[in-house]
2 protein chains.
Amino acid sequence: MAASFLAEFELYVMLAIARLGDDAYGAAVRNEIEERADRPVSIGALYATLHRLGNKGLLEFEEADPAPGQRGRPRKYCRLTPDGRYAIEHSTAKLHRMMDGVALADPGNRR
Amino acid sequence: MAASFLAEFELYVMLAIARLGDDAYGAAVRNEIEERADRPVSIGALYATLHRLGNKGLLEFEEADPAPGQRGRPRKYCRLTPDGRYAIEHSTAKLHRMMDGVALADPGNRR
DNA sequence: GTTGTAAACATTACTTTGTAGAGTAATCCG
DNA sequence: CGGATTACTCTACAAAGTAATGTTTACAAC
């Protein structure tokens with residue numbers, strides 16, 4: 001049972017896959033993160049992270065038989081495992097506990 | 001103007017400092033994270049990260065004159081700079097955009 | 001004053017994550 | 001076949017995080 005928590009970029013990748021559902025594969029994950037979060041995604045980091053998450057048992061992969069009329073190298077789809085879902089839940093829950101109710105509106109911090 | 005985003009642990013540290021307000025110093029930050037997020041905090045990571053955030057201009061430090069009756073080495077208080085607040089806002093906003101509405105309730109993912 | 005204890009910050013050597021960018025593979029179409 | 005397209009891979013490096021030990025400062029007992 002993988003214990004630890006997800007690193008910053010790992011969490012982005014996992015969340016993107018959760019969002020994309022059955023349409024999650026490398027390049028789509030990249031787009032999802034870049035567009036939704038406006039966060040640049042280094043292509044090296046992306047695939048390295050996907051493999052790492054796979055090794056940790058948080059993701060599964062499946063080579064798609066190339067859809068008809070779809071050009072280019074065939075995609076390698078990925079989906080969350082139960083452990084993967086669990087990891088997302090834990091990481092986001094902890095973040096929420098830290099984020100909730102944090103006041104940032106610089107009140108001129110008296111003292 | 002520091003552009004980038006906060007790493008996983010960096011964000012925890014920044015959020016803890018935001019929470020602690022005027023009472024933020026190394027050891028207190030450690031407690032806050034360990035208790036609230038139930039996330040182990042390596043002491044090396046903590047001070048290294050504080051220094052790094054200071055160098056990036058996201059934090060300021062102030063040596064406290066040791067409070068009377070307070071044993072041990074004097075504390076080094078830290079507070080968020082405007083850039084620091086901005087960094088927290090951006091990092092959390094991006095996370096929210098990725099997290100919001102993500103469904104994790106494994107529906108047996110048909111297909 | 002030396003010794004002991006406590007609290008807090010610092011350093012070191014190492015592992016894990018993330019970046020940048022060039023490179024390779026598989027498919028389609030003319 | 002040759003070119004274009006899409007997607008995955010690799011390599012060399014930089015940044016962030018871990019674990020454990022070490023140092024500094026202060027107080028209090030003796």
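Here is the naming used below: chain letters follow the sequence lines, and residue numbers restart at 1 for every chain.
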Margin query: Show the nearest heavy-atom pair for residues M99(B) and M99(A), with the distance to one decimal.
Written below: CE-CE, 3.8 Å
Checklist line | Residues E63(B), R73(B): salt bridge by 4.0 Å N-O rule | finding: no
Next item on the list: Would you sort out whether R30(A) and E34(A) count as a side chain to side chain contact (heavy atoms under 4.5 Å, CB included), showing the intermediate values?
Entry: CA-CA 6 Å; R30(A) 184 158 130 99; E34(A) 295 205 323; 3.9 Å; yes
Next item on the list: Could you tell me which residues satisfy salt bridge (Lys or Arg N to Asp or Glu O under 4.0 Å) with E62(B), sequence neighbours excluded, listed by chain and number?
Entry: R79(B)
Margin query: Below the 4.0 Å mark, does dA10(C) have OP1 or OP2 next to a side-chain nitrogen or oxygen of K76(B)?
Written below: yes
Item checked: Inter- and intrachain pairs under ring-ring contact (aromatic ring centres under 6.0 Å, His included), touching residues 10-62 of chain B, at least two apart -> Y25(B)-Y77(B)
Item checked: Closest approach of G57(A) to T81(A) (non-hydrogen atoms, all atoms of both residues) -> O-OG1, 2.6 Å
Note to self: Once salt bridge (Lys or Arg N to Asp or Glu O under 4.0 Å) is applied, do any residues pair with E10(B), and if so which ones, sequence neighbours excluded?
What the structure shows: R52(B), K56(B)
Notebook entry, point to check: Contact boundaries of DNA chain D with chain A (under 4.0 Å, heavy atoms), 5' to 3'?
Noted result: dT5(D) to dT18(D)
Next item on the list: Would you sort out whether V41(B) and V13(B) count as a side chain to side chain contact (heavy atoms under 4.5 Å, CB included), showing the intermediate values?
Entry: CA-CA 10 Å; V41(B) 173; V13(B) 168; over 6 Å; no
Under-3.5 Å N/O pairs linking protein and nucleotides 13-19 of chain C:
residue	atom	partner	partner atom	Å
dT17(C)	OP1	K56(A)	NZ	3.1
dG18(C)	OP1	F9(A)	N	2.8
dG18(C)	OP2	R52(A)	NH1	3.4

Notebook entry, point to check: Considering all heavy atoms of both residues, which atom of I17(A) and which atom of V29(A) are nearest to each other, and what is their separation?
Noted result: CG1-CG2, 3.8 Å
Item checked: Test item: H96(A) side-chain N/O and T92(A) main-chain N/O as donor-acceptor pair under 3.5 Å -> yes
Sub-3.5 Å pairs of nitrogen or oxygen atoms, protein against nucleotides 28-30 of chain C:
none

